[in-house]
**Student:** 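Got a structure for you, questions after.
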Protein chains: 2
Amino acid sequence: MSGSPITESSAELDDLVGYNLKRVYMIFQDKLRDILGQEGLAPRSYSVLSLTVQQPSVTQSELARRLGIERSGLVAIVDGLESLGLLERVGVPGDRRVQALTPTLTGREVHERTAVRIARDEERLLSVLSGQDRRALIRILGRLRDMHEVRG
Amino acid sequence: MSGSPITESSAELDDLVGYNLKRVYMIFQDKLRDILGQEGLAPRSYSVLSLTVQQPSVTQSELARRLGIERSGLVAIVDGLESLGLLERVGVPGDRRVQALTPTLTGREVHERTAVRIARDEERLLSVLSGQDRRALIRILGRLRDMHEVRG
DNA sequence: TGAAATCTGTTACCAAGGTAAACTGTTATT
DNA sequence: AATAACAGTTTACCTTGGTAACAGATTTCA
């Protein structure tokens with residue numbers, strides 16, 4: 001019997017940036033689910049609603065590209081939001097393929113009050129960081145997205 | 001017609017820290033899947049293998065607590081790792097309820113060479129940051145986990 | 001012009017990841 | 001001894017996503 005033949009040269013789980021990103025993401029997502037659940041929304045539904053508020057008449061394909069998901073996955077989400085009366089599919093005169101997504105007044109109201117609650121909760125979660133660290137986190141995450149995300 | 005009655009006072013999607021965490025986490029996870037796929041492992045299987053290497057004879061309950069998942073979810077993962085010959089359930093003399101999880105030699109080898117590749121890939125992903133930002137990211141993520149994670 | 005390629009939205013199917021509740025056997029409490 | 005608590009497991013379920021194939025509309029281009 002020799003001792004341990006394998007040297008533990010690298011990366012334990014808690015040292016992996018990817019794993020820590022996951023765990024911190026879970027912290028944020030847990031509370032997000034609570035807030036959105038009160039409006040009957042899932043995180044993905046909120047992200048779609050948010051983007052249509054921000055950019056009315058956006059097409060589903062464009063939305064899928066922005067969210068980094070498949071077009072097919074968007075159908076059910078939009079169906080749900082439409083049945084809740086939060087947005088509408090509107091035909092576009094020039095191109096009969098596309099459906100422009102536009103939030104209803106109710107949709108904008110729900111989005112606004114939900115956005116406020118989400119922002120407040122993020123403020124709470126980030127309050128354990130200094131202002132400098134908060135800004136650094138936002139800047140660093142943005143840079144990692146810019147440098148590594150595949151843009152369609 | 002009045003103008004837009006809703007003021008866009010807060011949080012567009014790309015301004016939410018939670019959403020940016022998700023997107024950055026996805027960047028890290030995509031490549032992780034590639035690397036682990038070559039060994040026939042899923043991310044969760046790797047995390048279990050890694051923790052058993054780091055802490056041999058850990059129980060399944062303890063492992064579930066450390067990973068923040070349900071005990072029931074661990075069964076299939078351990079089944080898979082056991083059938084791959086990477087770890088073993090070993091009965092514990094004192095307590096016939098628990099199954100101590102211990103990596104096999106093969107398990108330690110697979111873990112070691114995989115850990116090296118994962119570390120190399122994280123290095124690549126983080127190379128777009130300054131050394132200072134890299135350290136800040138790691139420190140900030142750790143602090144958010146420490147302050148907000150429910151410890152069982 | 002007409003054929004081929006491309007694009008949009010849709011459907012049906014499927015796999016991964018996770019949770020919750022109920023069950024067995026074991027150990028601890030009182 | 002009776003009861004509670006615990007470890008692991010099974011089962012059923014749900015959510016999130018992805019893939020492939022499709023129809024209709026539009027664009028490209030030979």
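Letters go in sequence order (proteins before strands), and every chain restarts at 1. It should be emphasised that the depicted structure is a prediction, and the values quoted were computed from it without experimental measurement.
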**Student:** If you measure from CG on Leu141(A) to CG on Leu16(B), what distance do you get to the nearest 0.5 Å?
**Tutor:**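 So the CG of Leu141(A) and the CG of Leu16(B) are separated by 12.0 Å.
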**Student:** It should be established whether Gln60(A) places a side-chain nitrogen or oxygen under 4.0 Å from OP1 or OP2 of nucleotide dT10(C).
**Tutor:**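 Answer is yes, contact under 4.0 Å.
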**Student:** Less than 4.0 angstrom between a side-chain N/O of Ser61(A) and OP1 or OP2 of dC7(C), yes or no?
**Tutor:**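 It does not, given that no N or O in the side chain of Ser61(A) lies less than 4.0 Å from OP1 or OP2 of dC7(C).
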**Student:** Answer with base, sugar-phosphate or nothing: what part of the nucleic acid does Val98(A) contact at a heavy-atom distance below 4.0 Å?
**Tutor:**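 The answer is sugar-phosphate, as Val98(A) gets under 4.0 Å only of primed atoms, P, OP1 or OP2.
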**Student:** Atom CG of Asp79(B) to atom C1' of dG8(D): distance rounded to whole Å?
**Tutor:**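 Going from CG in Asp79(B) over to C1' in dG8(D) covers 11 Å.
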**Student:** In whole Å, I'd like the distance from the CG atom of Leu41(A) to the C1' atom of dT15(D).
**Tutor:**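 Answer to the nearest Å: 15 Å.
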**Student:** From the options dT19(C), dG17(C), dT11(C), select the nucleotide whose nearest atom is closest to the side chain of Ile69(B).
**Tutor:**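 Nearest listed nucleotide: dT19(C).
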**Student:** Do Glu112(B) and Val116(B) come within less than 4.5 Å of each other through their side chains, counting heavy atoms only?
**Tutor:**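 The answer is yes, as the side chains (C-beta and beyond) meet within the 4.5 Å cut-off.
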**Student:** What is the distance from CG of Leu74(A) to C1' of dT11(C), rounded to the nearest Å?
**Tutor:**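 One finds 15 Å between C1' of dT11(C) and CG of Leu74(A), rounded.
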**Student:** Taking OP1 and OP2 of dT19(C), is either one under 4.0 Å from a side-chain nitrogen or oxygen of Arg33(A)?
**Tutor:**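 Negative; the distance criterion is not met.
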**Student:** For Glu82(A) and dT10(C), give me the distance from atom CD to atom C1', rounded to whole Å.
**Tutor:**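 It works out to 13 Å between those atoms.
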**Student:** Partners of Glu82(A) by side chain to side chain contact (heavy atoms under 4.5 Å, CB included), sequence neighbours excluded?
**Tutor:**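 For Glu82(A) the side chain to side chain contact (heavy atoms under 4.5 Å, CB included) partners, ignoring immediate neighbours, are Arg89(A).
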**Student:** Counting only side-chain nitrogens and oxygens, does Arg44(A) get under 4.0 Å of the OP1 or OP2 atom of dT16(D)?
**Tutor:**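 Result: yes.
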**Student:** Would you give a per-nucleotide map of nucleotides 19-25 of chain D, 5' to 3', where B means the base has a protein non-hydrogen atom under 4.0 Å away, S means only the sugar-phosphate does, and - means neither?
**Tutor:** BB---BB
**Student:** Can you hop from Leu125(A) to Leu137(A) via hydrophobic side chains spaced under 4.5 Å?
**Tutor:**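 They do share one cluster, since a chain of ILVMFWY contacts under 4.5 Å joins Leu125(A) to Leu137(A).
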**Student:** Given dG17(C), dT8(C), dT9(D), which nucleotide is nearest the side-chain atoms of Gln99(B)?
**Tutor:**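 Of the options given, the side chain of Gln99(B) lies nearest dT9(D).
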**Student:** On DNA chain D, nearest-nucleotide positions of Pro93(A) versus Gly68(A): which is more 5'?
**Tutor:**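 The residue closer to the strand's 5' end, by nearest nucleotide, is Gly68(A).
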**Student:** Take the protein atom CG of Leu101(B) and the nucleotide atom C1' of dT9(D), then report the distance between them rounded to whole Å.
**Tutor:**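 The answer, rounded to whole Å, is 14 Å.
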**Student:** Rounded to the Å, how far apart are Arg89(A) CZ and dT8(C) C1'?
**Tutor:**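 It is 12 Å, rounded to the nearest whole Å.
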**Student:** Regarding Gly91(A), tell me which of base, sugar-phosphate or nothing describes its non-hydrogen contacts under 4.0 Å with the strands shown.
**Tutor:**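 Since no nucleic acid heavy atom lies under 4.0 Å of Gly91(A), the category is nothing.
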**Student:** Are the side chains of Arg66(A) and Asp14(B) in contact, using a 4.5 Å heavy-atom criterion?
**Tutor:**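 In short, these two side chains touch, coming nearer than 4.5 Å.
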**Student:** For Ile77(A) and dT15(D), give me the distance from atom CD1 to atom C1', rounded to whole Å.
**Tutor:**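 It works out to 11 Å between those atoms.
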**Student:** Is the distance from OP1 or OP2 of dG17(C) to the nearest side-chain N or O of Lys22(A) less than 4.0 Å?
**Tutor:**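 No.
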**Student:** In sequence, state the C-alpha distance, the side-chain angles, and the governing distance for Asp15(A) and Glu12(A), and then conclude on side-chain contact (heavy atoms from CB on, under 4.5 Å).
**Tutor:** CA-CA 5 Å; Asp15(A) 296 327; Glu12(A) 295 182 9; 3.7 Å; yes
**Student:** Are any of the side-chain nitrogens in Glu39(B) or Arg117(B) under 4.0 Å away from the carboxylate oxygens of its partner?
**Tutor:**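 Looking at Glu39(B) and Arg117(B), the cut-off is met.
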**Student:** Supply the atom-to-atom distance Leu13(B) CG to His111(A) NE2, rounded to the nearest 0.5 angstrom.
**Tutor:**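 So the CG of Leu13(B) and the NE2 of His111(A) are separated by 8.0 Å.
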**Student:** Whole angstroms only, please: what is the CE-C1' distance between Met26(B) and dG17(C)?
**Tutor:**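 Distance check: Met26(B) CE to dG17(C) C1' gives 12 Å.
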